[in-house]
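Right, one structure below, let's go through it.
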Amino acid sequence: MDIFVLDTSVFTNPDVYSQFEKDQIGAIENFLSLASHSRAQFYIPTSVYEELSKMVELGILKPKFELTVRVRSPRRFNLMVPAEFLYEFIEEVRYRINKGLRIAEEYTKEAGKLSQEDVGKLVNRLREKYREALRTGIIDSKEDLDVLLLSYELDGILVSGDEGLRSWADKVGIKLIDPKNLRFILESLTLRV
């Protein structure tokens, strides 16, 4: 039986959820209907479920969601991850911090030459560049790490539109699917009645 571990992007990214329905709640309803009739198991880490609950008002769908998608945290204290993963992660974080510092230095030098009004615009551009340098393409939240660890622990298939999470999951050998193919895959796994 296939095991799928879901990230919030399955339900919050319009490029992903629109395969089920145009509106978000309808998409979640259709996903749950297909998932409940499939030969697969679905998991979502507790931290991700809490994040999703803050982003989307599940309302009357909450009991069906919890019946269809198992809410479970990874066993963080018992799980062994490859040391190489940690080495690469630390190197990546160090590289990004240094890149962020260089960006900040560049913008600071430029700010000294500008009027007060233009400095405000420059700060906004700095924030964007800095955020991009530090957060794009990396695991940048405990929720991302929980999805990765639970997928690793269960030998599950990770379903996420987050490129950083997908990239790091691939480094440790976690199975991935393109989240835009989830509906087709679910339909293929539907129990024949």
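- Not a single ring-ring contact (aromatic ring centres under 6.0 Å, His included) links Tyr95 to another residue, sequence neighbours left out.
- With respect to the salt-bridge test (charged N to carboxylate O, under 4.0 angstrom), the residues Arg183 and Glu187 qualify.
- Across Gly161 and Ser9, no two heavy atoms sit closer than the pair N-OG, 2.7 Å.
- Shown here are the side-chain contact (heavy atoms from CB on, under 4.5 Å) partners of Lys142, two or more places apart in sequence or in another chain: there are none.
- For Phe4, the ring-ring contact (aromatic ring centres under 6.0 Å, His included) criterion is met by Phe42, not counting sequence neighbours.
- The side-chain contact (heavy atoms from CB on, under 4.5 Å) test applied to Ser73 returns Thr46, Arg76, not counting sequence neighbours.
- Considering Val48, Leu165, Asp7 as possible partners of Glu143, the one that fulfils the side-chain contact (heavy atoms from CB on, under 4.5 Å) test is Val48.
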Begin with the C-alpha distance, continue with both residues' side-chain angles, and end with the deciding distance and a verdict on side chain to side chain donor-acceptor pair (under 3.5 Å) for Ser47 and Asp146. CA-CA 7 Å; Ser47 62; Asp146 279 348; 2.6 Å; yes
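- Criterion: ILVMFWY side-chain heavy atoms under 4.5 Å apart, direct or through other members. Under it, Phe11 and Val159 are part of a common hydrophobic cluster.
- Scanning all heavy atoms of the two residues, the minimum distance from Ile177 to Leu182 falls at CD1-CD1, 3.9 Å.
- Residues satisfying the ring-ring contact (aromatic ring centres under 6.0 Å, His included) test with Phe20, not counting sequence neighbours, are Phe31.
- Counting heavy atoms of neighbouring residues, nucleotides and ligands inside a 6.0 Å radius, atom CD1 of Ile60 does not exceed 12 of them.
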Could you pull out every donor-acceptor pair under 3.5 Å between side chains of residues 147-158 and any protein atom, sequence neighbours left out?
from, atom 1, to, atom 2, distance (Å)
Ser151, OG, Val147, O, 2.8
Glu153, OE1, Arg75, N, 2.7
Glu153, OE2, Arg72, NH1, 3.4
Glu153, OE2, Arg72, NH2, 2.6
Glu153, OE2, Arg75, NH1, 3.2

